[in-house]
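Remarks on the structure that follows.
Just follow the structure's listing: the first ligand is 1, and inside any ligand the first atom is 1.
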Amino acid sequence: MAKFDQTVTFRKAEVPGPHRAIVFIHGGAWIDPSNTPHDFDQLSKHLLDISNSQLPFSLYAVEYRLSPEYQHPIHIQDVIDNLAQLIQQEQIDELNLLGHSVGATLCWQILSLDSSIDFVEPSQLQLVRSKLKRCYLTDGIYSLKELLKEYPSYDYFVSKAFSKVDDYDDPRGSEIDSSLSPVIYVIHSYQDELLSLRQSNYFCAVLQELQQPYQVYLDDLGKHNDVYENLKLAQYVLYTMMR
Ligand SMILES: N[C@@H](CC(=O)c1ccccc1NC=O)C(=O)O
């Protein structure tokens, strides 16, 4: 069971027209049970407050099984399975993802997985990609190789999540599925004490090599685990969702 029953609905938009939604994907290095879909309780409150509860899109968060009990590809299988079920159940027409830390890693996997890969259901991946418009990637991990060069000690969690680092498709040498034209927002806090700008800068360099359109938002958004609660992030998301 890919934990669909742990999908959280923060807000169901009651507006005419297409059903727009943001789905949050939490971080926690694939291992931390204290990170759950409820990491986004505060961000959801901010979004509702700054829109005077007139938010014209729904807010959800999906869960996924964690390491060390489970390893890659379970995390991404669960995310794709839960997103596909959510799209069908809620009749979502426009999907926007916001991933924090390894939640951003999971978003990258959705964008870049080879559709013929044998560990995801092709129809589910196609459904998710067909609705995908924006990806907000906040204080993300994108390259495991680069991560372990910069922070060798982080192998304590990478080794629990992946039986070998090469099982993960580094952005350099990968590409975004040709069926996609997502708007990618690379976001990072200058105060992030767990991840320097190196991961985000690496990812931006790869997006440039791919000639992929993207936008960057760097700011003091607090420490690593404060970013996904920050009012300025909510303001940025609302502004960019309304363009
Ligand atoms: N809270 C995690 C650590 C963690 O989440 C983390 C540490 C360093 C860099 C990124 C991290 N999280 C990414 O999802 C732990 O329990 O070890």
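- Taking CG of Leu83 as the start and CD of Gln124 as the end, the distance is 9.5 Å to the nearest 0.5 Å.
- Every residue two or more places apart in sequence or in another chain was checked for a ring-ring contact (aromatic ring centres under 6.0 Å, His included) with His46, and none qualifies.
- Not less than 6.0 angstrom separates the ring centroid of Trp30 from the ring centroid of Tyr70.
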Under 3.5 Å: N or O atoms of ligand 1 paired with protein N or O:
| from | atom 1 | to | atom 2 | distance (Å) |
| --- | --- | --- | --- | --- |
| ligand 1 | 1 (N) | Asp32 | OD2 | 2.8 |
| ligand 1 | 12 (N) | Ala29 | N | 3.4 |
| ligand 1 | 12 (N) | Ser101 | OG | 3.1 |
| ligand 1 | 14 (O) | Gly28 | N | 2.9 |
| ligand 1 | 14 (O) | Ala29 | N | 2.8 |
| ligand 1 | 14 (O) | Ser101 | OG | 2.6 |
| ligand 1 | 14 (O) | Val102 | N | 3.1 |
| ligand 1 | 16 (O) | Asp32 | OD2 | 3.1 |
| ligand 1 | 17 (O) | Tyr156 | OH | 2.5 |

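- Evaluation of the ring-ring contact (aromatic ring centres under 6.0 Å, His included) rule for His188 yields no partner, not counting sequence neighbours.
- Under the ring-ring contact (aromatic ring centres under 6.0 Å, His included) criterion, Tyr136 pairs with Tyr185, not counting sequence neighbours.
- Asp170 and Ser143 share a donor-acceptor pair across their side chains, judged by distance under 3.5 Å alone.
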